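The model shown is predicted, which means the values in this text are computed figures rather than measured ones. Start at 1 and go down the list; that is how both ligands and their atoms are numbered. Quick note: numbers below take in every heavy atom, side chains included, and nothing from hydrogens, waters or symmetry partners. Along the sequence shown, the residues carry numbers beginning at 1.
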Amino acid sequence: MNGKLVPEKAAKVSVFDHGLLYGDGVFEGIRSYNGRVFMLDEHIMRLFRSAKAIDLKIPMTQAGVAKAVVKTCKANRVMDGYIRLVVTRGVGSLGLNPYTCGTPQIIIIAGSIQLYPKKLYDEGLSIVTVGTIRNHTESVNPQIKSLNYLNNILAKIEAINSGCMEAVMLNPQGFVAEATGDNIFVVRGNTLLTPPTWCGTLEGVTRNVVMKLAAEAGMDVREEVMTRYELYTADEVFLTGTAAEVIPVVKIDRRSIGSGKPGPVTRQLAKTFNRFASSNGTPIV
Ligand code: PMP
C-alpha cells in the first residue's frame, strides 16, 4: 500500500476514501504465469490512461508502479496468480468534489482468481444478452477501467438470475459492446471479428494479444460493428480477459452457436494464447 508492504490484516482504507464513497478511482487486473508478470507495461499504461481520463494524478511513475507490482508478487510468492492494482481518489470530504481529496492511494494485491469453472473451458459457456446497456461513451467511457463497475454488475445480476454466468452487453445504439468483464469475438470462416472500442468496449489487453496472435496465424482480423445477428450466425464465439483468458461460448440466448461445441479456431487460439502467456512477461525477481 502506497509503496510499503503491509500484512493483509493491516491493509485498510479510510471510510472517507472516495474510492469507497463514490467508486472514484481506477484499477487493473493482471496475471502472472511461470514467475513472470504478463503484459505488465500494457496494464500500467492503461491504468495511467484511465487515471488521466478521470483527472487523477497517480503519485508514482509508471516504472515505479511496475517495480511495486513485481515486488508484491515476489513478497507473496505469486508466480502463477492474479494481481489487483487499485488507485483510489484518496481521503476527502463527504461531497463529490474530487479536488477535496488528499493523495490518491495505490494498492496492490497479489493473489489468485478462478473466474469460471475449469470444465467450462472444455465445454464452453452459455451466455445471454441483457437489458442493461453498456455505459454510453460520453457517460463513463467503457475504456476507463474505473472502480465503478455497477453498470457491469447490473448486467451480471441479470445473467445470473437467468441461469447464465455471463452477459453480452449491447451499447445504447444496440450494437454489441462486450461481456461484463471480458471482450467478445466472433469467428466467421477465416475472419475474426471484435467490436471497436468506440462501440463501448474496454481495450482489453488479452483482446489485443489474441488479435495479434490470430493475425500472425493468418486470420483476417477486423474490428467491426456487430449486432446480435453476427453473434447468432457466427461459426464460433469466444470471450477474452485477463481473468477469463480465452473461453469458448457455445450458447447465446439459449441458441446454439455454430456446432454447439467449442470450435477448432477457438481451441487453437486458446492454446496459442496459453503458450504465449506462459513464456512472456516481466520476471518476478
Ligand atoms: N471488458 C471489461 C469490462 C473488463 O473489465 C475487462 C477486464 N476484466 C475486459 C473487458 C478484458 O480486459 P483485459 O483483457 O485487459 O483483462
Side-chain angles (χ1 to χ4, degrees), residues 23 25-33 37-51 53-54 69 81-87 109 111-116 125 127 129-130 132-137 139-159 165-171 175-186 192 194-214 221 223 226 237-247 249 266 269-270 272-274 276-277 280-282:
V26 293
F27 78 101
E28 281 296 318
I30 310 170
R31 265 196 195 262
S32 66
Y33 297 100
V37 184
F38 187 54
M39 293 284 149
L40 179 57
D41 290 345
E42 285 75 6
H43 282 288
I44 287 172
M45 281 191 282
R46 188 173 63 186
L47 180 80
F48 276 74
R49 280 203 305 273
S50 294
I54 66 164
V69 167
Y82 181 80
I83 302 126
R84 179 56 56 89
L85 172 51
V86 182
V87 184
I109 307 165
S112 60
I113 199 166
Q114 177 81 50
L115 199 57
Y116 304 115
L125 264 179
I127 63 175
T129 50
V130 294
T132 303
I133 56 170
R134 191 75 177 101
N135 282 332
H136 191 283
T137 47
S139 60
V140 181
N141 192 306
Q143 290 196 76
I144 303 170
K145 205 164 162 59
S146 89
L147 288 183
N148 197 317
Y149 253 51
L150 271 177
N151 179 223
N152 315 58
I153 291 165
L154 290 176
K156 191 92 171 174
I157 287 171
E158 284 189 73
M165 293 190 72
E166 193 49 87
V168 182
M169 300 182 76
L170 307 178
N171 73 7
F175 299 127
V176 174
E178 59 183 342
T180 66
D182 307 319
N183 290 111
I184 191 162
F185 283 86
V186 158
L192 186 63
T194 196
T197 53
W198 61 262
C199 276
T201 75
L202 181 76
E203 189 180 341
V205 169
T206 319
R207 167 191 186 270
N208 290 353
V209 171
V210 165
M211 287 169 79
K212 182 174 153 273
L213 293 174
V221 182
E223 291 183 318
M226 284 194 239
V237 171
F238 63 85
L239 306 180
T240 65
T242 296
E245 300 169 304
V246 178
I247 185 159
V249 171
T266 303
L269 277 173
T272 310
F273 174 80
N274 293 338
F276 182 79
N280 282 280
T282 308

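For K145, the closest heavy-atom approach to ligand 1 falls below 4.0 Å. Note on ligand 1: G181 sits in its first shell, one or more heavy atoms being nearer than 4.0 Å. Contact between R46 and ligand 1 is present, with at least one heavy atom of the residue lying under 4.0 Å from the ligand. In this structure, T180 is part of the shell of residues with a heavy atom less than 4.0 angstrom from ligand 1.
Contacts classified as side chain to side chain donor-acceptor pair (under 3.5 Å) and involving residues 195-206 (residues at least two apart or in different chains) are given here: E203-N208.
With ring centers used as reference points, F38 lies under 6.0 Å from F273.
In plain terms, the two heavy atoms of I184 and P195 that are nearest each other are O-CD, 3.5 Å. Heavy atoms only, all atoms of each residue included: V69 and V37 are closest at CG1-CG1, 4.3 Å.
The pair E166-K156 meets the salt-bridge criterion, with a side-chain N (NZ, NE, NH1 or NH2) lying under 4.0 Å from an Asp/Glu carboxylate O.
Here the straight-line distance linking atom OG1 of T266 with atom CZ of F185 works out to 10.5 Å at 0.5 Å rounding. For the atom pair OG1 of T194 and CG of L239, the computed distance is 10.0 Å after rounding to the nearest 0.5 Å.
When the heavy-atom distances from atom 12 (O) of ligand 1 to A155, G204, A177, P142 are ranked, the shortest goes to G204.
Checked against T272 for a side chain to side chain contact (heavy atoms under 4.5 Å, CB included), the options V210, V246, L213 give a single hit: L213.
The closest protein non-hydrogen atom to atom 16 (O) of ligand 1 is T242 OG1, 2.6 Å. Among protein heavy atoms, atom 14 (O) of ligand 1 sits closest to T206 OG1, 2.6 Å. Looking only at heavy atoms of the protein, atom 5 (O) of ligand 1 is closest to Y149 OH, 2.5 Å. What sits closest to atom 11 (C) of ligand 1 on the protein, heavy atoms only, is N183 OD1, 3.6 Å.
Taking every non-hydrogen atom of R134 and a distance limit under 4.0 Å, the qualifying atoms of ligand 1 come out as 3 (C). Listed by atom number, the atoms of ligand 1 under 4.0 Å from G241 heavy atoms are 11 (C), 14 (O), 16 (O). Listed by number with element, the atoms of ligand 1 under 4.0 Å from a non-hydrogen atom of N152 are 3 (C). Within ligand 1, the atoms closer than 4.0 Å to a non-hydrogen atom of V205 are 13 (P), 14 (O), 15 (O), numbered from 1 in the order shown. Of all atoms in ligand 1, numbered sequentially from 1 with element shown, those under 4.0 Å from a heavy atom of E178 are 1 (N), 2 (C), 3 (C), 10 (C).
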Using a 3.5 Å cut-off and no angle test, enumerate the donor-acceptor pairs between side-chain atoms of residues 146-155 and protein atoms at least two apart in sequence or in another chain.
{"from": "S146", "atom 1": "OG", "to": "N148", "atom 2": "N", "distance (Å)": "3.0"}
{"from": "S146", "atom 1": "OG", "to": "N148", "atom 2": "O", "distance (Å)": "3.4"}
{"from": "N148", "atom 1": "OD1", "to": "L150", "atom 2": "N", "distance (Å)": "3.3"}
{"from": "Y149", "atom 1": "OH", "to": "K145", "atom 2": "NZ", "distance (Å)": "3.2"}
{"from": "N151", "atom 1": "OD1", "to": "R134", "atom 2": "NH1", "distance (Å)": "2.8"}
{"from": "N151", "atom 1": "OD1", "to": "N135", "atom 2": "N", "distance (Å)": "2.9"}
{"from": "N151", "atom 1": "ND2", "to": "I133", "atom 2": "O", "distance (Å)": "2.8"}
{"from": "N152", "atom 1": "OD1", "to": "R134", "atom 2": "NH1", "distance (Å)": "3.4"}
{"from": "N152", "atom 1": "ND2", "to": "T180", "atom 2": "O", "distance (Å)": "2.8"}

